Amino acid sequence: MELQKPRGTRDFLPEEMIKRRYIENKLRKIATHWGYGEIKTPTFEHIELFTLKSGEGILGEIYNFKDKGDREIALRPELTAPVVRMYVEELQRSPKPLKFFYFDNCFRYERPQKGRFREFFQFGVEIIGSVRPESDAEVIALAVEMLKSAGVGGDLHVGNLGIVRALLKDTRPEHQGKIMRLVDKKDDLGLEEFLDKINAPDDMRGKLFRLIGLHCENAVHEARELVGDIDAISQFKVLLDLLDVYGLEYQVDLGIARGLDYYTGMVFEIYCEGLGAQNQVCGGGSYRLAALFGGEDTPSTGYGIGFDRIMEICEVNPQPPKRIVVVSFEDTRKEAIIIANKLREHVSTYVDVMGRKFKDQISYANTIGASHVVIVGKNELDAGKVALKDMKTGEQVLVTVEEAVERVKS
RNA sequence: GCCUGGGUGGGGUAGCUGGUUAUCCUAUGGGACUGUGGAUCCUACGACCCGGGUUCGAAUCCCGGCCCGGGCCCCA
């Protein structure tokens, strides 16, 4: 094999694209119905956009290069930063809230595995300008609705970073990060060890383990007992009530950390079976990034859906589009093209381009699963008609082109 | 970056304790069948991932690389 696609990239053949577009259109339709407008940002950005957001540490996983003007450019590894950049650059004075969705490819230089590629697709949503739990709840509900439409059911985990952070407020910042990471990984053993190492106070330690162990109904109540009546908890309570209004099933999970500092409060993740190690199909939360990019501080909430992961597990079988084949003879090829063009206004139509004989054209129609064949022969043309053959039943009738269109459309 | 399994025509495979022309199925192009498909037959096309090493001889054994799968790290 002389030429191969680069590692971690994929080709999508027509059969698969039908499936992907089918799901994509469902997601798109829902986002639109919920009042979100589609946006598109550049495939590449200045690399600072991403290092500002995620730290220098991400450089190792980014596709970057210097362009001919000596600018350091990165293929986008995600879409939240570009959306916020776009907002800061041209939309700060727009009426709030701003509600956007996007569907695009992203690039990360990572070791490929199941559900993880170097070029992958994200379908995401951001709502900019609201601090309130209403927007958090809407975004979560929208995520669930999208997954449902794709035939994917998952476990929804909802948390709030403010609660654990309040507990850790007296801990050194660099320790906080480490603790959050261990908590997020649900690595209780590692967490114990680390807390030992930094001599964490017993009181804090006990509360921390109890907090991240809360999953059920009265989690809010118990959390309040543990860390006091702080704002984050009241917010969280309102959010959970709203999720009930949306009729969502969820699990409280105060251990979700989502890695980075700019998440401000609500965080959520949705997990699915059947994806191996990469079982998260959706993740998001509320965050503040605008100020980091030089804009006014603006609250936002959003999420990204791992489109490829959905495709991996969704069970949909969209109907293949109906196809019909116009079959002709040596002396009627030109007429066949004209008739095919009329049919093409209504259905997907094939006409022979291989110089095949009559019989082989019908055979071809059969192998591509055509529902009908329109036969354009001298005899039919003399009568001002064509023969319409139903490939399922084998029945054949003499009709005008217009009648053929009508019959084939149904 | 680390651990682990794998790579034979377009797809699926046999061979892989080294030894003629690399097996079979399928798909594809052409034909037998001259205005009616699915069948059959004929024919064509087409592969040992790449590079080095061992050997008289390598698809087969060894090393390195590339790519794929699974896991770790990471996951914005």
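On a predicted model such as this, the values are computed, not experimentally measured, just so you know. Chain letters run A, B, ... following the sequence lines, proteins first, then strands; residues in each count from 1.
Put simply, A:K5 has no side-chain N or O that comes within less than 4.0 Å of OP1 or OP2 on B:C66. Look at A:Q113 and you'll find a side-chain N or O under 4.0 angstrom from OP1 or OP2 of B:G71. For B:C75, neither phosphate oxygen OP1 nor OP2 lies less than 4.0 angstrom from any side-chain nitrogen or oxygen of A:R111. Regarding contacts with the backbone of B:C74, a side-chain N or O of A:K185 is found under 4.0 angstrom from either OP1 or OP2.
A heavy atom lying under 4.0 Å from RNA chain B marks the following residues of residues 74-84 of chain A, by number: A:P77, A:E78. RNA chain B lies under 4.0 Å from no heavy atom of any residue of residues 333-342 of chain A.
Taking only distance into account, the side chain of A:D360 never meets the base of B:G37 through a donor-acceptor pair shorter than 3.5 Å.
A distance of about 36 Å separates the C1' atoms of B:A39 and B:G7, rounded to the whole Å. Comparing B:G10 with B:G5, their C1' atoms sit 25 Å apart, to the nearest whole Å. Comparing the C1' positions of B:U36 and B:A22 gives an interatomic distance of 42 Å, to the nearest angstrom. To the nearest whole angstrom, the two P atoms, one in B:G9 and one in B:C48, are 8 Å apart. Of the C1' atoms belonging to B:C61 and B:C16, the separation is 10 Å, rounded to the nearest Å. Look at the P atom in both B:C72 and B:G64: the space between them is 25 Å, to the nearest Å. Comparing B:G51 with B:U60, their P atoms sit 12 Å apart, to the nearest whole Å. Look at the P atom in both B:A59 and B:A47: the space between them is 15 Å, to the nearest Å.
Both A:P6 and A:Q396 lie close to RNA chain B; mapped to their nearest nucleotides by heavy-atom distance, the more 5′-ward contact belongs to A:Q396. A residue-by-residue look at A:R7 and A:R108 shows that A:R7 has its nearest nucleotide of RNA chain B further toward the 5' end.
No side-chain heavy atom of A:E72 sits under 4.5 Å from any side-chain heavy atom of A:H46.
Rounded to whole Å, the distance from CD on A:Q361 to C1' on B:C33 is 15 Å. Nucleotide B:A76 holds its C1' atom 11 Å from the CD atom of A:Q280, rounded to whole Å. One can place CD of A:Q4 at 12 Å from C1' of B:G65, the figure rounded to the nearest angstrom. Rounded to an integer number of Å, the gap from OH of A:Y263 to P of B:C75 is 12 Å. Counting to the nearest Å, the C1' atom of B:C75 and the CD1 atom of A:I62 are 13 Å from each other.
Candidate nucleotides B:A32, B:G37, B:G35 were compared by shortest atom distance to the side chain of A:K357, and B:A32 ranks first. You'll find that the side chain of A:Q278 is closest to B:C75, out of B:C66, B:U36, B:C75. Here B:G71 is the nucleotide among B:C67, B:A76, B:G71 with the atom lying nearest to any side-chain atom of A:A277. Relative to the side chain of A:R181, the nucleotides B:G38, B:G30, B:C75 differ in distance, and B:C75 lies closest. Between B:C75, B:C33, B:U36, one nucleotide has an atom nearer to the side chain of A:F358 than all others, and that is B:U36. The side chain of A:I362 has B:U36 as its nearest neighbour among B:C75, B:U36, B:G35.
Across all strands, A:A365 comes closer than 4.0 Å to no nucleic acid atom at all (heavy-atom distances). A:R356 comes within 4.0 angstrom of sugar-phosphate atoms only, judged by non-hydrogen atoms across all strands, and of no base. Here A:G8 lies in heavy-atom contact (under 4.0 Å) with sugar-phosphate atoms only. Contacts of A:E61 with the nucleic acid, taken as non-hydrogen atoms under 4.0 Å apart, include base atoms. A:K114 comes within contact range of the sugar-phosphate backbone alone, with a heavy-atom separation under 4.0 Å but no base atom that close. Counting non-hydrogen atoms under 4.0 angstrom, A:K389 reaches a base of the nucleic acid. Residue A:K392 is classed as having no contact, given no heavy-atom separation below 4.0 Å to the nucleic acid. Residue A:G394 is classed as a base contact, given a heavy-atom separation below 4.0 Å to a base. Residue A:E380 is in base contact, counting any heavy-atom pair closer than 4.0 Å across all strands shown. When heavy atoms are screened at a 4.0 angstrom cut-off, A:E110 is found touching base atoms of the nucleic acid.
Nucleotide B:A47 forms a pair with no other nucleotide shown, judged by Watson-Crick or G-U wobble geometry with both contacts under 3.5 Å. Within the shown strands, nothing qualifies as a pairing partner of B:C74 under the Watson-Crick or G-U definition with both distances less than 3.5 Å.
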* Does the salt bridge (charged side-chain N to carboxylate O under 4.0 Å, His left out) test come out yes or no for A:E24 and A:R20, once each step is laid out? -> CA-CA 6 Å; A:E24 180 195 331; A:R20 289 178 74 94; over 6 Å; no

Evaluate the salt bridge (charged side-chain N to carboxylate O under 4.0 Å, His left out) criterion for residues A:D253 and A:K186: first the C-alpha distance (whole Å), next the side-chain angles of each, then the deciding distance (0.1 Å), finally the verdict.
CA-CA 11 Å; A:D253 186 348; A:K186 313 249 183 287; 3.2 Å; yes

(request) Applying salt bridge (charged side-chain N to carboxylate O under 4.0 Å, His left out), run through A:K357 and A:E330 and close with a yes or a no. (result) CA-CA 8 Å; A:K357 296 182 209 167; A:E330 215 36 68; over 6 Å; no

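For A:R7, the side chain to side chain contact (heavy atoms under 4.5 Å, CB included) partners two or more places apart in sequence, or in a different chain, are A:R111, A:P112, A:R118.
Counting non-hydrogen atoms of neighbouring residues, nucleotides and ligands closer than 6.0 angstrom, the NZ atom of A:K322 exceeds 12 such neighbours. Heavy atoms of other residues, nucleotides or ligands lying less than 6.0 angstrom from CD1 of A:I338 number 12 at most. Counting non-hydrogen atoms of other residues, nucleotides and ligands closer than 6.0 Å to CZ of A:F194 gives a total above 12.
The backbone N or O of A:G394 lies less than 3.5 Å from no partner atom in the side chain of A:D390, so there is not a single donor-acceptor pair. A donor-acceptor pair under 3.5 Å links the side-chain atoms of A:E403 to the main chain of A:T400, judged by distance alone. Between the side chain of A:R76 and the backbone N or O of A:T41, at least one donor-acceptor pair lies under 3.5 Å.
Each of A:S300, A:S135, A:S286 was scored for a side-chain hydrogen bond (donor to acceptor under 3.5 Å, both in side chains) with A:S130, with one residue passing: A:S135.
Using a 4.0 Å cut-off between charged nitrogen and carboxylate oxygen, A:D187 and A:R181 do not count as a salt-bridge pair.
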